[in-house]
Protein chains: 2
Amino acid sequence: MAKSVAPRGFARERVLEAALNLFAEHGVNGTSLQMIADRLGVSKAAVYYQFHSKDDIVFAVVEPIFGDMRRVLRIAEAMSSPDARREAAVSGMVELAVRHRRVSAVFHGDPAIDNLVHSRKDLHEVIERLTAILLGPEPDTACRVMMSMLASGIFSSAMDPELADIDDEELHRVLLDCTQRLLNAPVSS
Amino acid sequence: MAKSVAPRGFARERVLEAALNLFAEHGVNGTSLQMIADRLGVSKAAVYYQFHSKDDIVFAVVEPIFGDMRRVLRIAEAMSSPDARREAAVSGMVELAVRHRRVSAVFHGDPAIDNLVHSRKDLHEVIERLTAILLGPEPDTACRVMMSMLASGIFSSAMDPELADIDDEELHRVLLDCTQRLLNAPVSS
DNA sequence: GTCTATATAGGGATAGAC
DNA sequence: GTCTATCCCTATATAGAC
């Protein structure tokens, strides 16, 4: 009278693990189910047993990030001033990017992920809340550009293979430092 | 006794234009020759008449960026101090990202582009020269992270659809300002 | 120079054996 | 629960008609 649906619960995780690595290397569109199956030494059908479609796999890979992001947003949105909200959101994103370091590669900039996010309002809503906090009520041009740089810079650095030798703790520290340089500097011109 | 190989020379440009827009939206792997042909209202075979393979199209789209990059590198490498070289390279990249604003989307982070770059040493060499200038002789961790953020931030902002309403001149100005904030700030900790 | 037709391969996905 | 075999579609690429 044990296990009801999952085998040992491991097969699913193994698929996600393999998919994540392949997505990071080839992008979502550049990764086939055959490649995932081959890496696991199983057949495509075995993968399809765990997930009904490729989109299901992509969603399962990306979903934990959105979960954490919702947590960060809840904390940030409880802050009293726009500046405090933004600071909380940014440092939350830095922590999140480092924690999900390998997923960041997939998460950031992949057109297939963008499509998935835009097709599911529960995901899209998270992005919108984040954007609202980062930009604030009436963002000027400089602010908008800076936030765009910040967001892509954080996630790209976290995934950058060239930086793979840097441990999480140090990366987190340096990233926070960089973001604060951008945020705290007075507008120059 | 005019034109030797190109028809009016326009068909080729039209293919590249359509390919670029599709690459930017769907990524290279997410774009088929059929999609390119459909957008032009021609057949796949018509596209294949202009380019022998999909890689040829990708290369032709990306090649002008590398041409400009080589120019920037020649200028930067002629500078006398490492700091001056880096500054010249960064402002050159900013200008380049803005000038090739739509191509930046394709250029930055697409796994298919990465593969192409790594498979052609004439392209790969450009990246290596750029990295050498940006990082300098003995880069510490903070510098490496910052340069990674800078590079991805510049190109991502230039392509960000959310920032499409900002005109080139202003974007260029704001981007330069942001990069200098990162570069000129003293190391805090 | 552009099209139709087609070759060949690989993709996602399903049915059913075991 | 996992695999074999297969369907159907789309992809890249080519050959040859017009």
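Each chain gets a letter, A, B and so on, in the order its sequence line appears, and its residues count up from 1.
Of the residues in residues 17-36 of chain A, those placing a heavy atom less than 4.0 Å from an atom of DNA chain C are A:Thr31, A:Ser32, A:Leu33, A:Gln34, in numerical order. Residues from residues 52-63 of chain B with heavy atoms under 4.0 angstrom of DNA chain D, sorted by number: B:His52, B:Ser53, B:Lys54.
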Please write out each protein N/O paired with an N/O of nucleotides 3-6 of chain C under 3.5 Å, distance rounded to 0.1 Å.
from, atom 1, to, atom 2, distance (Å)
C:dC3, OP2, B:Ser43, N, 3.4
C:dC3, OP2, B:Ser43, OG, 3.4

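Contacts classified as ring-ring contact (aromatic ring centres under 6.0 Å, His included) and involving residues 117-136 of chain A (residues at least two apart or in different chains) are given here: A:His118-A:His124. Residue pairs that meet the salt bridge (Lys or Arg N to Asp or Glu O under 4.0 Å) test with at least one member in residues 79-89 of chain B, sequence neighbours left out, do not exist here. Listed by first and then second residue, the salt bridge (Lys or Arg N to Asp or Glu O under 4.0 Å) pairs that reach into residues 152-168 of chain B are A:Arg144-B:Asp165, B:Arg101-B:Asp168, sequence neighbours excluded.
Residues meeting the salt bridge (Lys or Arg N to Asp or Glu O under 4.0 Å) test with B:Arg71, sequence neighbours left out: B:Asp68. Taking the salt bridge (Lys or Arg N to Asp or Glu O under 4.0 Å) definition, one finds that A:Glu77 meets it with A:Arg129, sequence neighbours left out. Residues meeting the salt bridge (Lys or Arg N to Asp or Glu O under 4.0 Å) test with A:Asp122, sequence neighbours left out: A:Arg120. The side-chain hydrogen bond (donor to acceptor under 3.5 Å, both in side chains) check on A:Glu63 picks up nothing, with sequence neighbours excluded. Checked against ring pair (Phe, Tyr, Trp, His ring centres under 6.0 Å), A:Phe66 has the following partners two or more places apart in sequence or in another chain: A:Phe107. Residues satisfying the salt bridge (Lys or Arg N to Asp or Glu O under 4.0 Å) test with A:Glu95, not counting sequence neighbours, are A:Arg99.
Across the protein-nucleic acid pair, B:Tyr49 atom OH and D:dA15 atom C1' stand 15 Å apart, rounded to whole Å. Here D:dT2 presents its P atom at 12 Å from CZ of A:Phe51, a figure rounded to the nearest Å.
Side-chain atoms of A:Ser156 never come within 3.5 Å of backbone atoms of A:Gly153 as a donor-acceptor pair (strictly under, hydrogens ignored).
Contact check, A:Gln50 against D:dT2: a side-chain N or O comes under 4.0 Å of OP1 or OP2.
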